[in-house]
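First listed ligand is number 1; within each ligand, the first listed atom is number 1. These numbers were taken from a predicted model, which means no experiment stands behind them.
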Amino acid sequence: MDKEKNISVLGSTGSIGTQTLEIARTYPQIKIRAISANSNIALLEQQAREFKPELVAVMDKEKAKELKIKLADTNVRVVSGKSGLSEAAAINSADTVVTAVVGISGLEPTIEAIKAKKNIALANKETLVTGGHIVTALAKEYGVSIIPVDSEHSAIFQSMQGCNDKREIKRILLTASGGPFFGKKRNELKNITPEQALKHPNWDMGAKVTIDSSTLVNKGLEVIEAKWLFNIEVDKIKVLIHRQSIVHSMVEYVDNAVIAQLGAPDMRLPIQYALTYPERLIMQDNELDFTKYPMLTFDEPDTDTFFALELAMRAGREGGILPTIFNSADEAAVELFMQRKISYLGISDAIQKAMESVKNIPNPTLDEILEADKYARTLVG
Ligand code: NDP
Ligand code: MG
């Protein structure tokens, strides 16, 4: 890559954020112009000293004050709160924003970034789940691209390179590892603890997405994410359980050709590709050794046990505020589960109850989405 790439990383202290910085460490053409986190200022300080961004945004205002003192000997500007995050999203010196915050908190800064004409390397799937119609329309209006970081969507995107006519796409085959509880029935999942749900077989990710993977909520969110990214109907997206996480997803064409992207489970590839597309850069390690995977398996998802996937498909089909209700009920329920206030099965139950309690609003405004988010949280308690 000859050209410099200037990026702002929202959520730089998280799993995706730290791996993004690892890539920037390998490829100094990638310049870090802004970083942000919720409260982890110890890591933010280290990152600020190493990557010398112009701006650091901390959501927590008290922590921001502390960080300002710690970084007083540098030129780095520290900002705080929602407006600080927006500033990091819209910073002049960046051309691309990596959205790696978790949850619906990613929606507003992503909108700010698009309005400031930044390309988006999108990890924060909740942005498209809750505000897909707004975000994709804005991206069109401002002429910016949204490139997926999520491994499945990156695989789909890669499998669509060379497709000249989108009408040739028959369907998307979205793979899912199945999580730690694959093969289990509801009565075996009653007493699952946060520790058990946090053990993902193939990926090392942030807590929320790991719990969501175990309930198949994550796959549900990804179906809706794919709907918006690739402008495809929910019913043309087929979820397949693939335990090994080697085939990262596939595209089936009208002539039944199936094009897939394979690789070792390693988020650095989709992150890197989102930053360098259409170029590919060398990855030094973690080549896929096929002989270690003599068997790649594919199964139907068990939607009786993991019925949240069906709920997400419904939310995706019906649209409106329903996907926000689905997502925000899940965010609230996962938090309660982590605090041991509700059971593991209570997560999917809470989502179902929330979806049953609302009247849908078609084509919601940003304010209506944010209201729906609050309302879903009150329903979960
Ligand atoms: P993490 O929990 O590891 O990191 C989240 C980041 O967001 C941290 O930097 C955190 O700061 C910051 N943050 C949390 N809450 C807020 C808030 N309210 N306002 C501002 N910043 C906040 O998450 P992941 O990296 O795992 O996931 C990030 C996104 O990427 C999610 O949407 C997830 O679904 C998606 N994704 C993740 C994958 C992975 O491999 N991890 C794979 C595919 C998609 P602090 O450290 O201070 O808490
Ligand atoms: Mg994924």
Side-chain angles (χ1 to χ4, degrees), residues 8-22 34-47 56-64 66-67 79-89 98-110 112 120-130 148-157 174-179 198 200 202-213 216-226 229 239 242 245 247-249 261 265-271 274 327 330-331 334-335 338 373:
S8 165
V9 186
L10 308 183
S12 64
T13 56
S15 160
I16 295 289
T18 50
Q19 292 180 87
T20 305
L21 295 186
E22 204 182 313
I35 54 177
S36 90
N38 188 37
S39 62
N40 186 352
I41 54 167
L43 185 52
L44 274 180
E45 182 187 356
Q46 265 181 37
Q47 294 179 339
V56 181
V58 192
M59 201 61 188
D60 183 313
K61 292 195 169 155
E62 288 308 309
K63 296 277 182 191
E66 280 179 48
L67 184 62
V79 291
S80 67
K82 251 175 105 169
S83 63
L85 195 58
S86 297
E87 222 181 303
V98 180
T99 64
V101 300
V102 60
I104 193 173
S105 58
L107 176 59
E108 286 176 278
T110 306
E112 302 288 339
I120 306 294
L122 183 120
N124 181 261
K125 61 193 86 185
E126 296 89 343
T127 291
L128 287 181
V129 170
T130 57
V149 165
D150 211 346
S151 57
E152 296 78 359
H153 304 73
S154 175
I156 295 161
F157 182 63
L174 186 69
T175 52
S177 73
L198 282 170
H200 195 280
N202 306 334
W203 299 96
D204 183 12
M205 311 179 285
K208 195 240 172 195
V209 58
T210 307
I211 304 282
D212 284 352
S213 296
L216 292 200
V217 163
N218 181 53
K219 211 46 56 178
L221 296 173
E222 290 186 355
V223 167
I224 306 174
E225 182 187 10
L229 275 172
V239 172
H242 167 50
S245 298
V247 177
H248 295 304
S249 278
Q261 184 254 321
D266 184 340
M267 284 309 296
R268 290 174 309 165
L269 166 62
I271 298 169
N327 172 72
D330 173 65
E331 284 190 31
V334 167
E335 234 177 275
M338 298 283 279
D373 168 56

Notebook entry, point to check: Purely on distance, is any nitrogen or oxygen of Ser39 under 3.5 Å from one on ligand 1?
Noted result: yes

Notebook entry, point to check: Between Lys208 and Glu126, is there a salt bridge with N-O shorter than 4.0 Å?
Noted result: yes

Note to self: Distance under 4.0 Å to a non-hydrogen atom of Asn40: what atoms of ligand 1 satisfy this?
What the structure shows: 46 (O), 47 (O)

Notebook entry, point to check: Which heavy atom of the protein is the closest neighbour of atom 26 (O) of ligand 1, given with residue, atom name and distance?
Noted result: Gly206 N, 2.9 Å

Note to self: Just to verify, which of Thr13, Leu21, Ile35 counts as forming a side-chain contact (heavy atoms from CB on, under 4.5 Å) with Leu43?
What the structure shows: Thr13

Checklist line | Polar side-chain atom of Ser154 near backbone of Asp150 as donor-acceptor pair, under 3.5 Å | finding: no

Check: Should Ser15 be counted as touching ligand 1, given the test is an N or O pair under 3.5 Å?
Finding: yes

Checklist line | Closest candidate by heavy atom, reference atom 44 (C) of ligand 1, pool Asp212, Leu122, Asp150 | finding: Asp150

Note to self: Quick check on contacts: which atoms of ligand 1 are under 4.0 angstrom from a heavy atom of Asn124?
What the structure shows: 32 (O)

Next item on the list: Heavy-atom contacts with Val209 under 4.0 Å: which atoms of ligand 1 show up? List them by number with element.
Entry: 26 (O), 34 (O)

Margin query: Under a 3.5 Å cutoff, is there a donor and acceptor pairing between the side chains of Lys125 and Asn327?
Written below: no

Notebook entry, point to check: So, the side chain of Glu331 versus the backbone of Ile104: is there a donor-acceptor pair under 3.5 Å, distance only?
Noted result: yes

Item checked: Nearest non-hydrogen protein atom, atom 4 (O) of ligand 1 -> Gly14 CA, 3.2 Å

Item checked: Test item: Asp266 side-chain N/O and Arg268 main-chain N/O as donor-acceptor pair under 3.5 Å -> yes

Note to self: Test your reading of the model: is there a side-chain donor-acceptor pair from Ser80 to the backbone of Val58, 3.5 Å cut-off?
What the structure shows: no

Notebook entry, point to check: Got Val149 and Leu122 here, is their nearest side-chain heavy-atom distance under 4.5 Å?
Noted result: no

Check: So, does Lys82 use its side chain to make a donor-acceptor pair with the main chain of Pro109 at under 3.5 Å?
Finding: no

Checklist line | Heavy-atom nearest neighbour of atom 38 (C) of ligand 1 within options Leu10, Ile16, Ile104 | finding: Ile16

Next item on the list: Give the name of the N/O/S atom in Glu152 that lies closest to the Mg ion (ligand 2).
Entry: OE1

Notebook entry, point to check: Which atoms from ligand 1 have a heavy atom of Met205 less than 4.0 Å away?
Noted result: 39 (C), 40 (O), 41 (N)

Margin query: Give me the residue, atom name and distance of the protein heavy atom closest to atom 6 (C) of ligand 1.
Written below: Ala100 O, 3.5 Å

Check: Can you tell me if Gln19 uses its side chain to pair, donor with acceptor, with the backbone of Ser15 under 3.5 Å?
Finding: yes

Next item on the list: Please write down residue, atom name and distance for the protein heavy atom closest to atom 7 (O) of ligand 1.
Entry: Val101 CA, 3.4 Å

Checklist line | Atoms in ligand 1 flagged as close to Val102, the criterion being non-hydrogen separation under 4.0 Å | finding: 5 (C), 7 (O), 14 (C)

Item checked: Atom indices of ligand 1 within 4.0 angstrom of Ser105 heavy atoms, with elements -> 17 (C), 18 (N)

Note to self: Evaluate Glu126 for polar contact with ligand 1, using N/O atom pairs at a separation under 3.5 Å.
What the structure shows: yes

Item checked: Any donor-acceptor pair under 3.5 Å from Ser12 side chain to Gly17 backbone -> no

Item checked: Shortest protein contact, atom 34 (O) of ligand 1 (heavy atom only) -> Lys125 CE, 3.1 Å

Next item on the list: For Met59, counting its heavy atoms only, list the atoms of ligand 1 lying under 4.0 Å from any of them.
Entry: 19 (N)

Check: For atom 9 (O) of ligand 1, what is the nearest protein heavy atom, given as residue, atom name and distance?
Finding: Thr13 OG1, 2.7 Å

Next item on the list: Could you please compute the angle at the Mg ion (ligand 2) from OE2 of Glu222 to OD1 of Asp150, rounded to 10°?
Entry: 100°

Item checked: Asn124 side chain to Val101 backbone, donor-acceptor under 3.5 Å -> yes

Notebook entry, point to check: Does Ala88 offer a backbone N or O that forms a donor-acceptor pair with the side chain of Ser8 under 3.5 Å?
Noted result: yes

Check: In the protein, what heavy atom is nearest to atom 36 (N) of ligand 1, and what distance, to one decimal place, separates them?
Finding: Ala123 O, 4.0 Å

Checklist line | Nearest-neighbour protein heavy atom for atom 12 (C) of ligand 1, which is reported as residue plus atom name and distance | finding: Asn38 N, 3.9 Å

